Amino acid sequence: MDAIVTRNLSKVYKGLGKGHHKSLDSLSLTVAANEVFGFLGRNGAGKTTTIKMLCSLLKPTEGDALVFGESTRTRQARRLIGYLPEQPYFYEYLNPKETIAFYGKLQGLTRAERDRQWDKLSELLDLREIATQRIKGFSKGMRQRIGFAVALVGDPPLLILDEPMSGLDPIGRRMIRELILRLRDEKKTLFFSSHVLGDVEQICDRVGILVKGKLVRAGRIDALLGSAVNPVEVICTGLAVADVTRLKEQAELYRAMEELHVFRAATPEIANEMVRQILAAGGKLVEFNPLKETLEDYFMREQTQDGTVRMEGAIQ
Amino acid sequence: MRILAVAENTFRESVRDKVLYVLLFFAAVTILGSKALGWISIGQDIKIVKDISLAATSIFGVLIAIFVGTSLIYKEIDKRTLYTIISQPMHRYEFILGKYLGLMALLAVVTGVMAAVSSVYVLLLGGTLEPVYFLAVLLIYWKLMLITAVALLMSSLTSPILGAVIVFSTYVFGHATGVFKDLPPQFDGTLSKRMLEFAYYVIPNLGNFDIRMEAANDVPVNPAFIAFVLFYGLGYTVVLLILAALAFEEKDV
Ligand SMILES: Nc1ncnc2c1ncn2[C@@H]1O[C@H](COP(=O)(O)OP(=O)(O)O)[C@@H](O)[C@H]1O
Ligand SMILES: [Mg+2]
C-alpha cells in the first residue's frame, strides 16, 4: 500500500484578501511505502503547507490525502506519522527526558513502553548527556535532535520531516543524513522537504518539485535528469587551425591549452559528429565526457518554466 | 490519560508564571490588611476580614483566570508548541480539555491557599468559621470555572488582549445582569430591548455565586440554592467547553 496519496490537495489561506490565490494548487502525489521522497521547492513554494495538511494541522480547502489508506483527518493516520516541524518548538521548561515521556503519554504508551522509548531514542539521538537539562538553553542542533526523537516516539512507519537539515552546521547535517539513511534501512518511509539539493540527491529515491504551489515534476532523480538533453565535453589534440575553426562552428570552444582543445557540444549527437571529424582530420580524441546535469541545474531550469504538471518515472 | 498529560503540563507551566506570584502577593496583602478596616467599626472586624478575604479571593482568582486563561491556547499557537501535539494521535478536544483542567487545578491551589490564609487569620483574630464560609469559597471556585471556560473559548478564537477585554466585560455584565431585564418603559417594543433581553438570558448571572454577605454574617444558606447554583455553573461551563472544542476542532494552526 502507498504511504502517501494526495488527490487534488489544495490550500487557500483564509484572510488573504480577495484574490483567492492557492498556496497549494491541486497536488496529486503518491509516495510508495519504504521510499525516501524529497519534496523540493523554494521558500514559499508550498512545502510546509502540504506537510501541515498531511499532519492535520491545516484543513485542505479542496482535495484530500491518505496515509497508508487512512484519511489524514483521522487519528489512525496520525498514529502512522512521525512529524518533525520546520523549526520544532517544545515546552522550554521540560528537559528532553520529560519531553519524550510527555509525547509518549499523548500516544497512550504505558510507563514501561515510555521508558523503552527513551532508552532507544536517547541512544539513537545521543540525548543521554542532556537528559535532565531544560530545553530552554538548547542550540538549534540539539532541538533538532529532540524534534527527531519526538517524531520517532511510538515507532511510526512514516516520517514527515519539514526541512530537517536547514539551519544546521555541516556536522549536524551529516548526522541527520545518516539518520535518514538508517531509518530507510529500518524500512521506514521518509517524506522530507528541502531546498538543499545536494542532500536530496544523495539520499532520495524520488523527488517532487514544487513551484509556486504547483507540482511541476515528480519522479526518480536519474529519470528526471536523464530526460534532459545533456551537453558533452569533447577534448582532443593534434588538430590543424583550419580544423579547429570548422569545429568551432559546431560547438563552443571552451578552453585551448597548447595542443589541447576543449569543446562543449550541446547534444551527444553533435559530439559524435565532431569526433568523426576530429579522427578524419588526423586528430586524437583525449576525452569524451557527457556532462551530467546536477539536480541543482535541473531545479534552476524548472523554476523558470511555469505550471503544467508532467509526471515521470514511477508515478501513477 | 492524554488529557491528564496535557493538564499536568499546563499546571507546571502556569505555576512558573510570574504574574501568578504578583497577584498572590497582592491578595495576601489585601487579606492581611483587611483588619485595618475592621478597626474603624469596632466589633465588626471579623466580619470585615471575612468579607474582604472572600472578595480578594474572587477578584484575584478572576484576574488569574483571565490573564492565564485567555493566552492558554493562543500561546501554544504563537510559540508553535502545538504543532507536535496536535499531530499526535489524540483528539483536539482532549487537548482543549487538558489545558482547561490544568488551569482549573492551578486555580484550585490558588483559592485553596487564599482560603487557608484567610481562615487561619480569622481564627488568630479570635473569630469562628462556619461551613457557609467554605461554601462561599466553593462558589467562588465554581464561578472561576465558568469564567475560565469563557477565557478558553476566547483563547481559541482570538488574541489574548481582545479575549481579556471580552472576558472582563462578561464578568462585569455578569454581575449586573439585572440591568438588562429591568429596563425603563421607553424601551418597550424596541429592538434594543429584545437584544438586551437576549443578553440577559445568555450572559451568566454571576451574582448567583456571591454569598459573601451570608458568609461574613455567618448566616446559613439554603442547600437547595447551593445545589441550584452548582448546577447552573456546571451547565454554563459544559456548554462553553463544547463551544471552545468546536471552535478549535476545525482551526488551522
Ligand atoms: N498562515 C498563513 N497565512 C497566509 N499565507 C500563508 C500562511 N502560511 C503560508 N502562507 C503562504 O503560502 C505560501 C506557501 O508557504 P509555505 O507552505 O510555508 O512554503 P514553503 O514551506 O515551501 O517555504 C506562501 O506564499 C506563504 O506566504
Ligand atoms: Mg517551509
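First the proteins, then the strands, lettered A, B, ... as listed; each starts at 1. If you're wondering where the values come from, they're calculated on a predicted model, not measured in any experiment.
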Item to check | Heavy-atom pair of closest approach, residues Val150(A) and Gln88(B) | outcome: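 Closest pair (atom of Val150(A), atom of Gln88(B), distance): CG1-NE2, 4.5 Å.
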Item to check | Closest non-hydrogen atom pair between Leu109(A) and Met1(B), with its separation | outcome: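 Shortest heavy-atom separation between Leu109(A) and Met1(B) comes out as O-CE, 4.0 Å.
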Are there over 12 heavy-atom neighbours, none belonging to [X], within less than 6.0 Å of that residue's [atom1]?
X: Phe26(B); atom1: CZ; result: no
X: Tyr232(B); atom1: OH; result: yes
X: Phe68(A); atom1: CZ; result: yes
X: Leu234(B); atom1: CG; result: yes

Interatomic spacing from [atom1] in [X] to [atom2] in [Y] - rounded to 0.5 Å:
X: Ser87(B); Y: Leu57(A); atom1: OG; atom2: CG; value: 5.5 Å
X: Arg92(B); Y: Arg75(A); atom1: CZ; atom2: CZ; value: 14.0 Å
X: Leu84(A); Y: Tyr83(B); atom1: CG; atom2: OH; value: 13.0 Å

Tell me, for [X] versus chain A, whether the close heavy atoms (under 4.5 Å) come from the side chain, the backbone, both or neither.
X: Arg16(B); value: side chain
X: Ile3(B); value: neither
X: Glu8(B); value: side chain

Checklist entry - Do the non-hydrogen side-chain atoms of Lys14(A) and Asp252(B) ever get within less than 4.5 Å of each other? => result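 Lys14(A) vs Asp252(B): side chains apart.
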Using a heavy-atom distance cut-off of less than 4.5 Å, which residues of [range] contact chain B?
range: residues 85-95 of chain A; value: Pro85(A), Gln87(A), Tyr89(A), Phe90(A), Tyr91(A), Tyr93(A), Leu94(A)
range: residues 96-106 of chain A; value: Glu98(A), Phe102(A), Tyr103(A), Lys105(A), Leu106(A)
range: residues 118-145 of chain A; value: Arg134(A)

Next on the checklist: Listing request: all side-chain hydrogen bond (donor to acceptor under 3.5 Å, both in side chains) pairs with a residue in residues 101-120 of chain B, at least two apart in sequence or in separate chains.
Outcome noted: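 side-chain hydrogen bond (donor to acceptor under 3.5 Å, both in side chains) check on residues 101-120 of chain B returns Ser118(B)-Tyr133(B).
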